[in-house]
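Contents: one structure, followed by commentary.
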Amino acid sequence: MTTYAVRRWTAVSRISAPLLVVLVLVLAAVPYGMSGYVVQQLTSLFILVILAAMWNTLAGYGGMVSVGQQAYIGIGAYATVLLAREGIMPYLAMVLAALIATVIALPTSLLVLRLRGGQFAIGTWVVAETFALLVTLNQTLGGGTGTSLLGLNSFAPDYRRAYTYWLALAFMALMLAVVFVLLRSRTGPALQAIRDDEEAAASLGVKVLPSKRLLFLIAAFGCGAAGALTVANSLYIQPQSIFGVQWTAYMLFMVLVGGIGTFEGPIIGAIVFFVVQNVFADYGAWYLIGLGAVAILFALVVPRGLWGVVRVRLLPLGHRLVRK
Amino acid sequence: MPEPLISSVKVSKRFGELAVLQDVDFAVGAGEAVGVVGPNGAGKTTLLSVLAGTLRPNEGTVRFQAEDVTRLRADRRCRKGIARAYQIPRPFDGMTVLENVLVGATHGAGLRGQAAYQRCIEVLGECALTEVANRRAESLGLLHRKRMELARALATGPSVLLLDEIGGGLTDAEAAELVATIRGLHGSGVAIVWIEHIVHVLVQVVQRLVCMNAGQIIADGAPSDVLQDASVIDAYLGRRVA
Amino acid sequence: MTWVNAVVQGIALGGMYALLACGLSLMFGVMRIINLAHGDLAILGAFVVWFVVDQWHLPPFVAILPVLPVMLVLGYLLQMTLLGRSLRAGQLVPLLTTFGLAIVIQNALLQIFSPDVRSLGPYAGSIVTASWQITGDLTIPVLGVLGLAVAVAVLGGLQLFLRRSSLGREMRATAQDPDTAALVGVNAKAVYARATALAVAIAALAGAFFALRSTFDPASGPTQLIFAFEAVVIGGFGSLWGTLLGGIALGVAQAVGAQIDPQYAILAGHIVFLAVLASPRGGLLAARSAP
Amino acid sequence: SGGLGGSGGGSTKLTIGFVSPRTGGAAGFGEPDGWVLDQARKALANGLQVAGKSYAVEVVDKDSQSNPQRSAQVANDLINSNGVDLMLATSTPETVNPVSDACEAAGVPCISSVVPWEAWYFGRGAKEGQPSPFKFTYHFCFGTEQFHKSYTSLWPQVPTNKKVGVMWPNDADGNAVRKSLGPLLTQSGYTIVDPGAYTDGTNDFSAQIAQFKAENCEIFNTFPLPPDFATFWRQAAQQGYKPKIAQIAKTGLFSSQIEAQGQLGIGLAGATYWAPTWPYKSSLTGLTSQQLGDGYSNALNKQWNQQLGPSVALFDVAAAALKAAPDPKNKTALAKAISTLTVDTPVGTLAWGKGPVPNVVATPILAGQWRKGTGRFPLEYVICENANDPNVPVASRLQPYA
Amino acid sequence: MSALLSVEELDVHHGLLHAVRAVSFEVTEGERVALVGANGAGKTTLLRAIAGAQRASGGRVVLDGEVITDLPTHQRVRTGIALVPEGRRLFPDLTVEENLLVAGRRRRDGPWNVDGVLEIFPMLTKLRARRASTLSGGEQQATAIGRALMTNPRLLLLDEVSLGLAPLAVDAVYECLGSVLGHAATVLLVEQDLARALAVADRVICLLEGRIVLDLPAAEVSREQVTEAYFGIRGRPA
Ligand SMILES: Nc1ncnc2c1ncn2[C@@H]1O[C@H](COP(=O)(O)OP(=O)(O)OP(=O)(O)O)[C@@H](O)[C@H]1O
Ligand SMILES: Nc1ncnc2c1ncn2[C@@H]1O[C@H](COP(=O)(O)OP(=O)(O)OP(=O)(O)O)[C@@H](O)[C@H]1O
Ligand SMILES: [Mg+2]
Ligand SMILES: [Mg+2]
């Protein structure tokens, strides 16, 4: 009689996983060797990677197609400004801000996690708009005028860039690790089961609501961190844009172009988006037309996304039955 | 008389105007195997859903292991030991067969790591799914889907197994395999409630047969007696079964 | 009386929202496509109407007539070329397509028409500013009533079409299971294309009404989109009467909210939306739970 | 150059960055930029002579997409990748404020315009009565005081009950105006009827209209986005609110916005920060205001646009600053040079260091009225008062809105 | 008698999986053919390929002399092919009646209409206005068969006819297949209840791993023969 075993790592992944750890260490050294431009660009890229990874986990693994993650981006950004204004060290404020976004996501989840599909999508969007309006109504937050993050000016430009970079790198590595561990844990298959059929998942003993909530809160933390990093990058925020739905459009673009429901896809998608942005940005309206055309082209030609086609799993999340 | 393992007490279920279950008293003892038959639309699946917790009854209570579980959600009931296979399979399309079963093992049975994997390997073997273990569930044919329903339910390590038409569409040999599997389960002490229209397969396993019609139980007893019952013949069988 | 007036204005506004939401509701109902380009298609329609008005000096209400068939064809082609293909790859890919389409339309309009703001109002004569004065504080805007009437007619007509006609039945069947629809002889592609054609034409109609009511420019598309989505969801996905009610509920909430404090106008709409979702039924006319 | 601590070397090329909204919601402001950039590049084609040294000058322009995050991103790109020596930014706080902030943080000199200076200065966190927190960023634009002066010189031209109904939104401009213009007008004897701030994008204004009607506000003032004003103004006509003076700002800057109002647009009073009748010359290009307006109209077959003035002025200031700096490649020195700079531009002579705050020159704004056109274009803007700058000729008196 | 349907060297793939392998057979007008085979043998795939719901990767499908291999599904319905799909696949939010009517819209001329369907499935009469998603499993099966009949097919493909039907209802279906349909249409059905299959069919075809391993008149085969063929004990090609 043949016996069987369940395997998770593949030959490729046994090599690639440690390499990725090395890559993170190499990236950590970038501010010592590279120009401020590279540092700044990589920081923007890391923010995009965080956002793409969060949206992918929500939609691709949890089946929660959110159009409202900008709510937590905005909260992360505004909380950073608010805490910094209270005299808290800006970089500490950014970490706290991500936690605040998570805390605020908890009551929100009570409402939106009741919703499914299209209702969930629009519901989260309206929640984000509501947060935007509440900020707009609050004059101490600058109201509709917006507000600037002043605390960072006390750092010399090069150091400010480097610190922001390291924090972005740390957040990115943390969020990717958290998502990886979560999806490889027993919660991973549970989330996918919920995505495919909630009732059937419940019938197999899956705690539907707590699992979804956990994912929702993790995504809120990640987006909050991205928001905090964004304000460190742009220094000025204004509610209509930091809470703007264009963030969701970007996430959608990155995740679908990269390959939804794969761990590596969103990272690839973020890099594609970043490159498209940088290469064509000087062409004004034509750049945007190009961006739209790229989106349509990907949807038509590689609907499963780049990594959906490659099908190599550097960081495998699945299970395989093999003969011993 | 000892309290049955799982029971419904005066359960009624309505969808709007339509009364689908009316005052149904149904009980299964530990280790018992009960077959449920009845014409289409009699309320069999609905009764199963009420027992499993995916439907709330309008009236009446559901008891399991001497405890009122009427208000417990399906996932709690599953973890307590009630497992259910759907009549119309509900696979997790985006996952492999192995992972489908794994969900039952890790969440329903609460197993972790190698123990969970071991349970999956066993169950896949029992249900003849080893060959397709690494296929995505969406690519399965109907009978594989049905087997996977059974496998997932088994993986949760139930004390009562609620089966809804898992035997339809099987060749004789396949049916015989299925009977052997379920008998084995029954032999290991799992109580079984099995809805099936293929009566000759059903009677090879169950000791008791219940016939439902129009939301009520119209016959309950030894299979041979129930199958001779005039009202059962009228409502369900249409002719005598040898 | 100002409160009554606010309700009246809100109802008129709600008609506009419902009209804009109609196409969204249709496309979502039939193809499960969340069309992010809907607002931009409406603005595209407004530009085309404006172009006709400007070129041939027709009144806007006349100019709409030749534009609608053009938009029907455009919608049909859109489905046949872009949306139909991306639909095959699951529900999320069309989202990417419509996102791409939205920015292509916006910026193509910018290239062609410049960022100047425009309006159809000046060409429509006095109807834009006409109203029935009931009391000093209560006026009923003619344009609002017209918009509401068109919304009721379009939504009602469409509802009847979907419920009663055999073509509508085919559309609903295809919506639920295109593969099986093919097995009973329905050409799913053609049905989808018809639905998109209708949705795009109605979007253009809605765009024209917004262009009569206010100004528009190439970037205006997304601004009203969320209200249209809210109307669809409040009304219960897929139900067109619900969409009408949803639009009106939203419009009234905004107008009444503004009466309390102008800042609360949009917020009040959002809060009503969230309250409806939080209610046990989760939609005014939810015939079924959202998919 | 690279890494923590590294810095650039000496070169003879100067790079000027220019950020403005060319696409997105504020694209209307950026419309003449293409033409202005052509003029500036032409004028700078032969480079600049600074302290006996000759420098080539390159202008790199970027689109902010009317979005603050994007504005910051392109500003940072210009700073880090193009290594700009001087940044220019214009039009709306969404574009200008993040660019200024990025420059301040990176220590790159920046000159900006077309954001009411209070929204630029206080909106970025400066506090009244405290020293300026900005060392590298400079601004020239009108402020609420200029509006006050202009309005109080215009409104008496038509007899009214001095009751002003205001619709000021909750955005950068609206908030700045509510904070300072309101009290100033009250001091001048006007009664302000303010129903409260509204959110941009509101679609129903019956609440405000009812209040204006009830209080009989014969003057109306607003700082809205164009579609909001169009919605309001049509609703006002439907509901029978017709003030004697309708004074609009922010919308109605460009003739297309008034044309879109149709008949309702004729007679609206507006305010201008530049028109071809401004009797000033660009020091960089040598063009008079009239030449600018005509040049633009002829090149693009479009009516002149008041953005032309400040956009050209930005390049005048840039050239003057680079020439005034002892070493134009030294950013600190360049910034310091701007703080005391005096330049001739189409919008007038700009002189920093004279207030209202250290980094800002307050420029004039003159009120006028949109009338039916008599010449090539359907509408004409006539200047009706010149309290802020008596050098600009007045063309006509204000007529009641009919 | 001429062949109504002829399948020639048909190949169907699911990705890498070769599910139907060079299958050839003919069905003459008015014939009733039972298709049997073990789980995963390729029965469903074969029926779907004939109906057009699954693309063939090789070979031809000919209906009444006309090659229909490249005809899209919905047009095949008009040539007279109707499939009752595995798993019923009703339109969940349409009522029972609407489910029937949708199929009736593009029907060929013929005897079937809503009343006719209700006559053979009396249990549907009281469910006429009910949404299909609320039907029990058996009620759905009956509606699905009725829906296929509504297109007035010349060739009716039935996948797992009796699945989920109570014995009484199964009798009703077979009665109808035997009498009403008998002269009007040709039937190709998948049925695992061998006794039923042999009783109702004129011919039995057995599939094993995508190939035909047995094709004989029903009268000439024994239960044992078929059972053996299921597992390839006999007749398995080398
Ligand atoms: N959600 C619902 N809404 C309305 N009616 C329903 C709903 N679910 C089930 N029903 C009806 O309740 C009755 C019982 O259904 P149930 O599925 O329990 O039957 P069943 O005995 O399992 O039949 P079958 O043998 O055909 O599977 C049927 O008439 C069915 O149409
Ligand atoms: N969509 C699909 N993708 C991949 N493989 C598929 C797909 N559908 C069916 N298969 C495989 O093709 C083979 C034939 O399947 P098919 O469903 O035709 O068999 P069947 O004889 O109808 O079996 P059953 O009795 O289980 O219905 C099986 O191995 C099945 O798993
Ligand atoms: Mg059932
Ligand atoms: Mg099959």
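Values below: every heavy atom of this structure, side chains too, minus hydrogens, waters and symmetry copies. Residue numbering restarts at 1 for every chain, and letters A, B, ... go by the order of the sequence lines.
Between the D:Arg234 side chain and the C:Val128 main chain, no donor and acceptor come within less than 3.5 Å of each other. For C:Ser131 (side chain) and D:Gln238 (main-chain N/O), a donor-acceptor pair under 3.5 Å exists by modelled atom type.
Looking at C:Tyr123, neither its backbone nor its side chain comes within 4.5 Å of chain D, counting heavy atoms on both sides. Contacts between D:Ala210 and chain C at a heavy-atom distance below 4.5 Å involve the side chain alone, from C-beta outward. Only the side chain of D:Gln235 comes within contact range of chain C, judged by heavy atoms closer than 4.5 Å. Residue D:Asn203 touches chain C through both its backbone and its side chain, counting heavy-atom pairs closer than 4.5 Å. C:Ala265 touches chain D through its side chain: at least one heavy atom from C-beta onward sits under 4.5 Å away, while N, CA, C and O do not. Heavy atoms of C:Tyr17 lying under 4.5 Å from chain D belong exclusively to its side chain. Residue C:Ile127: no heavy atom, backbone or side chain, is found under 4.5 Å from chain D. Residue D:Gln208 touches chain C through its side chain alone, counting heavy-atom pairs closer than 4.5 Å. Of the atoms belonging to C:Gln106, not a single heavy atom falls under 4.5 Å from chain D. Looking at C:Arg118, the atoms closer than 4.5 Å to chain D (heavy atoms on both sides) all sit in the backbone: N, CA, C or O. Proximity to chain C is limited to the side chain of D:Leu264, based on heavy atoms less than 4.5 angstrom apart. Heavy-atom distances place both the backbone and the side chain of C:Asp116 under 4.5 Å from chain D. Contact annotation for C:Thr139: only side-chain heavy atoms (C-beta onward) come within less than 4.5 Å of a heavy atom of chain D. Only the backbone of C:Ala211 comes within contact range of chain D, judged by heavy atoms closer than 4.5 Å.
Contact check for C:Arg213 versus D:Thr231: side-chain heavy atoms found under the 4.5 Å cut-off. Side-chain contact between C:Val117 and D:Gln257 is present, with heavy atoms from C-beta onward closer than 4.5 Å.
Between D:Pro195 and C:Pro262, the shortest heavy-atom distance links the atoms O-CD, 3.2 Å. Between C:Ile266 and D:Asp200, the shortest heavy-atom contact is CD1-O, 4.0 Å. Closest non-hydrogen pair, D:Pro227 versus C:Thr215, comes out as CA-OG1, 3.1 Å. For C:Pro115 against D:Gly28, the heavy-atom pair with the smallest separation is CB-N, 3.6 Å. Of all heavy-atom pairs between C:Phe227 and D:Gly201, the closest is CE1-O, 4.3 Å. Closest approach of C:Pro122 and D:Ala260 over heavy atoms only: CG-O, 3.2 Å.
The greatest number of non-hydrogen atom pairs below 4.5 Å with chain D, out of C:Ser119, C:Ser220, C:Ala219, is found for C:Ser119. When each of D:Ala26, D:Ala197, D:Pro226 is checked for heavy-atom pairs under 4.5 Å with chain C, D:Ala197 comes out on top. Chain C forms the most heavy-atom pairs under 4.5 Å with one residue out of D:Glu259, D:Lys302, D:Gln211, and that residue is D:Lys302.
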- request: I would like to know whether C:Gln133 and D:Gln239 meet side-chain hydrogen bond (donor to acceptor under 3.5 Å, both in side chains); could you show each step before the answer?
  value: CA-CA 8 Å; C:Gln133 187 91 22; D:Gln239 301 182 19; over 6 Å; no
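The 12-atom threshold is exceeded at CZ of C:Phe61, counting heavy atoms of other residues, nucleotides or ligands nearer than 6.0 Å. In this structure, D:Phe254 places its CZ atom where more than 12 heavy-atom neighbours from other residues, nucleotides or ligands lie under 6.0 Å away. A 6.0 Å sphere centred on NZ of D:Lys213 holds more than 12 heavy atoms belonging to other residues, nucleotides or ligands.
To the nearest 0.5 Å, atoms CG (C:Leu138) and OG (D:Ser206) are separated by 10.5 Å. In this structure, CD on D:Gln263 lies 11.0 Å from OG on C:Ser126, to the nearest 0.5 angstrom. The distance from the OG1 atom of D:Thr202 to the CD atom of C:Gln263 is 9.5 Å, given to the nearest 0.5 Å. If you take OG on C:Ser214 and CZ on D:Phe229, they are separated by 10.5 Å, rounding to the nearest 0.5 Å. With rounding to the nearest 0.5 angstrom, the CG atom of D:Asp204 is 8.0 Å from the CD atom of C:Gln254.
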